[in-house]
Every structure is written in C-alpha cells, then in structure tokens.
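Everything numeric here is computed off the predicted structure, so don't read it as measured data.
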Amino acid sequence: MADRTWSGRVLDLASVVLPGVRRVRAQKIPFAHAWSEANQKALASGKPLWVALGDSMTQGIGARTVSGGWVPRLEARLADRFAVVNLSMSGARVADVVDDQLPRMLALPPALVTVLVGANDMLTPARRRGVEKRFTDLLDRLPAGRSVVATLPHGNAAANAVNALLDASAASSRVHVADMRGPALGPLRGSLADDWFHPNDVGYTRIADIFEGPVRAAASFRSGA
C-alpha cells in the first residue's frame, strides 16, 4: 500500500541521483527479510511476545545494520525478557497499522506492544486529514496497560490533536507514552542517516532512550509489579 504513494515514487527518483538516499533505500528489502526471519524465531521461542508496530523507523532503516535500530537496542537492555515480533513496514501510515498490523498482532496475542507511526501521515496537508480519527481507532484496539505509543514531534495542528489523544489515553492509564516532543530527540546534527530523513545509530539510541522508561512501566503492569 505505502509503496504506491507519491512520496515513495519521489524517494525512488531521488535514490537515482542522490547516493545517500540510494544507500538508505537499499536497506528496505534486506531489513524486512531479517525481521521476517527473526519473527519466526520469536514465535517459536516460548517467551512473552513484544510486538512492534509502525513504519521504517521501527524497521531500523538508516542504522548501519538491522541490529542498530531502536527495537534491538531496547531489547538488549531488557535482557531478553521478551521475544520481539516486528510487524512494522517501511512507508507505513496509521491506516496500515490499523488495517494490517493490528489484526496480525491481535492473533498472537502480545504481552507488550509498541507503536511508532505517523511521520508518513504528516508529509502533506492531504495526508493529515483524518489522522486523528485513525489514531483514535488505533488506541481503542491496543491492549490496555501493555501498550507504549510514541507522540508525534511535529508541531502542526494534526500532530497536536494526535498528541492530545495520547495524553488523554495516558492519563486514563490505557497506554504509556513515549514522548518525542520538544527537545526529547536532541539535536538533529549527527543523528540522521545519509538520506537526511531517517535516524542513524545515534538517533536510534535516543529513540530507545525515550521508549525505555514507558516500556519498563508497561512490562511492570503486565507482571503486576
């Protein structure tokens, strides 16, 4: 679905003339294959499942290797408490998570869920229309108390409306929030990949830092601690 959008076509064109974009775009297929193989091992592990939903940032696109993304970094900090099933997809929007990734997640079921999505919905005013409703659908279907959802760092009205939904959901203890607003992500200098859009290893370390606290809180909720 996401590959047929105009932004995907623009990035395909840019990859022809910009080596940095080409290098990062070339990670898409091998990273997806790596996660598919890892998912099969996770499902056979017998461990509680952490299901990661989202777009290319949850795939780890822009890191030097697939293990440099924020999900593997945080998984290592949790000392293998969970087995990760990464259902994210490069280019995904909120609708892709709701329509495709959520039904696959609910069939597992998960002990922990993380969601990092919305950047691709913020690219144009047309894409932003209806995003608040789609986020409402997403939040309503996530496992209560065991889900961690990232806020949107963008400052437009649509992002602010989504963040208000997340704040209200966190206040009712339905979800935990990984807050990426304001200075949370740190300076852009030195944290972006060669395409100047995705994070690099530095950027993904910062995202793992942001998720760690709320993920540990959600894990404690699950265990009743």
Side-chain angles (χ1 to χ4, degrees), residues 2 5 7 50-62 69-71 73-74 87-102 105 110 112-188 191-192 197-199 203-221:
T5 63
S7 59
W50 163 10
V51 178
L53 309 178
D55 53 29
S56 57
M57 285 197 287
T58 296
Q59 287 278 295
I61 301 299
W70 73 269
V71 172
R73 290 176 184 275
L74 184 51
L87 300 181
S88 65
M89 179 184 71
S90 292
R93 296 165 63 180
V94 180
D96 296 302
V97 173
V98 172
D99 296 339
D100 176 59
Q101 297 177 31
L102 265 176
M105 174 207 76
L112 170 71
V113 180
T114 58
V115 184
L116 175 55
V117 73
N120 294 312
D121 294 83
M122 295 294 111
L123 292 176
T124 68
R127 284 181 169 221
R128 295 171 202 155
R129 286 196 291 270
V131 71
E132 184 178 358
K133 170 62 167 60
R134 291 189 287 275
F135 247 98
T136 298
D137 293 342
L138 170 61
L139 293 174
D140 285 346
R141 295 171 64 186
L142 291 174
R146 293 179 282 130
S147 303
V148 180
V149 187
T151 59
L152 301 180
H154 314 80
N156 58 59
N160 290 339
V162 168
N163 290 341
L165 285 174
L166 289 172
D167 288 338
S169 191
S172 67
S173 300
R174 176 157 182 79
V175 302
H176 301 265
V177 167
D179 201 346
M180 301 177 68
R181 289 171 286 192
L185 287 171
L188 289 179
S191 67
L192 294 178
F197 179 75
H198 291 92
Y204 281 124
T205 298
R206 293 174 182 170
I207 294 175
D209 291 342
I210 292 169
F211 267 89
E212 183 171 4
V215 161
R216 289 188 182 275
S220 295
F221 178 93

Kindly write out the residues that satisfy side chain to side chain donor-acceptor pair (under 3.5 Å) with [X], not counting sequence neighbours, or none if the list is empty.
X	answer
Gln101	none
Arg128	none
Ser191	none
Glu212	Arg77, Arg216

Contacts of type side chain to side chain contact (heavy atoms under 4.5 Å, CB included), residue [X], not counting sequence neighbours:
X	answer
Asn163	Thr151, Leu152, Leu166, Arg181
Pro199	Met57, Tyr204, Ile207
Asp140	Thr136
Arg174	Ala144, Ser169, Ser172

Residues forming a salt bridge (Lys or Arg N to Asp or Glu O under 4.0 Å) with Asp137, sequence neighbours excluded:
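Here the qualifying residues are Lys133.
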
Taking all non-hydrogen atoms of both residues, which atom of [X] and which atom of [Y] are closest, and how far apart?
X	Y	answer
Gly118	Asp55	N-OD2, 4.0 Å
Gly62	His198	CA-CB, 4.2 Å
Ile210	Ala184	CD1-O, 3.7 Å
Val177	Ala170	CG2-CB, 3.6 Å
Ala150	Leu116	CB-CD1, 3.5 Å
Val94	Asp121	N-OD1, 3.0 Å

When you measure from the side chain of [X] to the backbone N and O of [Y], does any donor-acceptor pair fall under 3.5 Å?
X	Y	answer
Asp96	Met89	no
Arg206	Leu185	yes
Asn120	Ala92	yes
His176	Ser147	no
Arg146	Pro110	yes

Taking C-beta and beyond as the side chain, do [X] and [Y] meet within less than 4.5 Å on heavy atoms?
X	Y	answer
Leu102	Leu142	yes
Leu53	Thr58	no
Met122	Val131	yes

Quick check: are there more than 12 heavy atoms from other residues, nucleotides or ligands sitting under 6.0 Å from CZ of Arg129?
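Open.
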
Could I get the full list of ring pair (Phe, Tyr, Trp, His ring centres under 6.0 Å) partners for Phe211, not counting sequence neighbours?
Trp70

Using the ring pair (Phe, Tyr, Trp, His ring centres under 6.0 Å) criterion, which residues pair with Trp50? Sequence neighbours excluded.
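With sequence neighbours excluded, Trp50 shows a ring pair (Phe, Tyr, Trp, His ring centres under 6.0 Å) to no residue whatsoever.
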
Hey, could you give me the CG/CD distance between Leu87 and Gln59, rounded to the nearest 0.5 Å?
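Interatomic distance, Leu87 CG to Gln59 CD, rounded to 0.5 Å: 10.0 Å.
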
Only pairs at least two apart or in different chains count here, so list each salt bridge (Lys or Arg N to Asp or Glu O under 4.0 Å) that has a residue in residues 147-163.
none

